[in-house]
Amino acid sequence: MSFVLSLLLPAVAWAQDLSREALASRMAAHDAPTILDVRTSAEYREGHLAGALNVPVDEVAARHGVLAVPRDRELVVYCKSGKRAARARATLESLGYTHVRLLEGSADAWRADGRPLVSEHP
C-alpha cells in the first residue's frame, strides 16, 4: 500500500500546479489568487508577475505571517524555474497552508510565453 501511495504522491503534487493560461485568465478577470514570488529581491525587481508578493524562499518560514492570507486560501508560488517554488510549497504546507499551488513552468515559462512582467527600478 505504501508503495502505491509513493507512486501517486508525485502525481498529486503535479495536479496542484496551476497552468500559466489559467492564471493569466484569472488575473485578467481580477480573480487571481495570492501570488508569491520566492526569488531574491533583486530577481523580483528585474521582473515579476503583476501583484506578486516577494518573500525569498529562505525567508518563507520566518515571514509567512506578512502574507496576511488565511491558511485555507489559495496561494500560487513561483520562482525562476520551479525548484525554489517547490521548496517554498513544502515549507508553507508544513506551516498549515492547505491550498498551495505551483505556477506551471514558473517565471521562465511565463516569460517564454511572452506574458508581461512588472519591473521595478530604484
Side-chain angles (χ1 to χ4, degrees):
M1 178 75 168
S2 64
F3 175 72
V4 172
L5 287 176
S6 69
L7 292 176
L8 293 176
L9 286 177
V12 170
W14 181 257
Q16 293 176 348
D17 290 353
L18 183 63
S19 74
R20 296 179 305 280
E21 295 78 17
L23 181 59
S25 293
R26 289 179 65 185
M27 290 169 77
H30 304 286
D31 184 37
T34 299
I35 303 170
L36 183 62
D37 183 324
V38 296
R39 299 175 301 158
T40 67
S41 56
E43 289 173 298
Y44 178 84
R45 284 190 305 272
E46 289 173 8
H48 58 86
L49 277 67
L53 303 172
N54 180 229
V55 179
V57 68
D58 293 333
E59 299 175 19
V60 168
R63 294 183 51 207
H64 71 94
V66 302
L67 299 175
V69 176
R71 289 191 166 124
D72 63 347
R73 179 108 13 107
E74 182 180 16
L75 277 170
V76 175
V77 182
Y78 76 94
C79 62
K80 181 180 183 317
S81 65
K83 291 180 177 106
R84 289 176 283 181
R87 282 181 39 215
R89 176 173 59 187
T91 299
L92 289 163
E93 288 175 342
S94 75
L95 293 167
Y97 289 84
T98 58
H99 200 155
V100 183
R101 303 173 79 181
L102 301 181
L103 175 60
E104 176 188 60
S106 266
D108 280 351
W110 185 271
R111 183 177 287 118
D113 288 347
R115 298 186 192 279
L117 294 172
V118 177
S119 296
E120 296 180 11
H121 301 284

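Heavy-atom basis, side chains included; hydrogens, waters and symmetry copies ignored.
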Mind listing the closest non-hydrogen atom pair of M27 and A32 along with its distance? CG-CB, 3.7 Å
Does the side chain of Y78 come under 3.5 Å of the side chain of H48 through a donor N or O and an acceptor N or O? no
Let me confirm one number: the OG1-CG distance from T98 to L95, rounded to the nearest 0.5 Å. 12.5 Å
Taking the basic N atoms (NZ, or NE/NH1/NH2) and the acidic carboxylate oxygens, is any pair closer than 4.0 Å for R26 and E74? yes
Shortest non-hydrogen contact from V57 to A88? CG2-N, 3.9 Å
Please determine if E43 and K80 form a salt bridge, counting it only when a charged side-chain N lies under 4.0 Å from a carboxylate O. no
Check R84 with D58, please: is the shortest side-chain N to carboxylate O separation under 4.0 Å? no
To the nearest 0.5 Å, what is the distance between CZ (R101) and CZ (R89)? 10.0 Å
pair R73-Y97: side-chain heavy atoms closer than 4.5 Å: no
Is the shortest side-chain N to carboxylate O distance from R20 to E104 below 4.0 Å? yes
For a quick test of reading the model, state the closest non-hydrogen atom pair linking N54 to R63 and the distance between them. O-NH2, 3.9 Å
Checking S119 side chain against E46 main chain: does a donor-acceptor pair fall under 3.5 Å? yes
Side chains of H99 and L75: closer than 4.5 Å at any heavy-atom pair? no
Under the side chain to side chain contact (heavy atoms under 4.5 Å, CB included) rule, what do L102 and V76 come out as? Steps first, then yes or no, please. CA-CA 5 Å; L102 301 181; V76 175; over 6 Å; no
Atom CG in L49, atom OH in Y44: separation rounded to 0.5 Å? 9.5 Å
The test is side chain to side chain contact (heavy atoms under 4.5 Å, CB included); show your working for V55 and D37 and say whether it passes. CA-CA 6 Å; V55 179; D37 183 324; over 6 Å; no
Separation of D17 CG from L103 CG (nearest 0.5 Å): 8.5 Å
Would you mind reporting whether D108 and S106 have side-chain heavy atoms less than 4.5 Å apart? no
Give a yes or no on whether the backbone of R115 and the side-chain of D113 come within a donor-acceptor separation of less than 3.5 Å. no
Rounded to the nearest 0.5 Å, what's the gap from CD1 on I35 to CG on L53? Could you check? 8.5 Å
dist L117:CG -> E120:CD (nearest 0.5 Å) comes out at 11.5 Å
Nearest non-hydrogen partners of C79 and A85, listed with the distance: SG-N, 3.4 Å
